[in-house]
**Q** 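One structure follows; several queries about it will come next.
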Amino acid sequence: MFEAGRYKNALNRAYYAIFYGIRAVNALDGLDFFIASKEDAEMQIERAEQFQRWIESFLHSKKILN
């Protein structure tokens with residue numbers, strides 16, 4: 001990506017190379033594992049929906065959305 005001048009993509013790939021590399025190191029030490037539950041997913045979905053409602057309200061107040 002870098003050689004092709006696609007710098008944004010190159011940054012993304014570099015970030016994920018580091019991210020997954022450190023996950024591998026942590027896995028060897030028994031760290032970095034999270035098992036998501038149905039309750040965790042429900043809570044996060046509700047937070048995302050609340051955030052979306054806040055964003056929509058904000059955009060309405062700025063007259064970006066009608």
**Q** Answer yes or no: is there a side-chain heavy-atom contact under 4.5 Å between I22 and V25?
**A**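 I22 reaches V25 side chain to side chain.
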**Q** Test of understanding: with side-chain contact (heavy atoms from CB on, under 4.5 Å), list the residues that count as partners of L11, not counting sequence neighbours.
**A**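 Expected list: none.
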**Q** Which ILVMFWY residues can you reach from I35 by hopping between side chains whose heavy atoms are under 4.5 Å apart?
**A**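 Hydrophobic cluster check, I35: no partners found.
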**Q** Apply salt bridge (charged side-chain N to carboxylate O under 4.0 Å, His left out) to R53 and list each qualifying residue two or more places apart in sequence or on a separate chain.
**A**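 Per chain and number, R53 pairs via salt bridge (charged side-chain N to carboxylate O under 4.0 Å, His left out) with E46.
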**Q** Looking at residues at least two apart in the chain, or sitting in another chain, which of them share a ring pair (Phe, Tyr, Trp, His ring centres under 6.0 Å) with F51?
**A**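 Expected list: none.
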**Q** To the nearest 0.5 Å, how far apart are CG in N66 and CG in L59?
**A**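 One finds 11.0 Å between CG of N66 and CG of L59.
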**Q** Who pairs with N9 by side-chain hydrogen bond (donor to acceptor under 3.5 Å, both in side chains), at least two apart in sequence or on another chain?
**A**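 Residues passing side-chain hydrogen bond (donor to acceptor under 3.5 Å, both in side chains) with N9: none at all.
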**Q** Taking atom CD of Q44 and atom CD of E49, what is their separation to the nearest 0.5 Å?
**A**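 The CD atom of E49 is 11.0 Å from CD of Q44, to the nearest 0.5 Å.
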**Q** Quick one: list whatever passes side-chain contact (heavy atoms from CB on, under 4.5 Å) with A10, sequence neighbours left out.
**A**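 Here the qualifying residues are M1, F2.
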**Q** Just jot down the side-chain contact (heavy atoms from CB on, under 4.5 Å) partners of L31, sequence neighbours excluded, or say none.
**A**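 Per chain and number, L31 pairs via side-chain contact (heavy atoms from CB on, under 4.5 Å) with N26, D29.
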**Q** Using the side-chain contact (heavy atoms from CB on, under 4.5 Å) criterion, which residues pair with S61? Sequence neighbours excluded.
**A**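 Result, side-chain contact (heavy atoms from CB on, under 4.5 Å) vs S61: F58.
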**Q** Which residues pass the salt bridge (charged side-chain N to carboxylate O under 4.0 Å, His left out) test with E42, not counting sequence neighbours?
**A**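 Partners of E42 by the salt bridge (charged side-chain N to carboxylate O under 4.0 Å, His left out) criterion come out as none, since no residue qualifies.
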**Q** Please, which pairs that meet side chain to side chain donor-acceptor pair (under 3.5 Å) have at least one residue in residues 11-25, sequence neighbours excluded?
**A**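 For residues 11-25, and leaving out neighbouring residues, the side chain to side chain donor-acceptor pair (under 3.5 Å) pairs sorted by first residue read R23-D32.
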**Q** Can you pull out every salt bridge (Lys or Arg N to Asp or Glu O under 4.0 Å) where at least one residue sits in residues 57-66? Sequence neighbours excluded, please.
**A**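 Residue pairs with at least one partner in residues 57-66: there are none.
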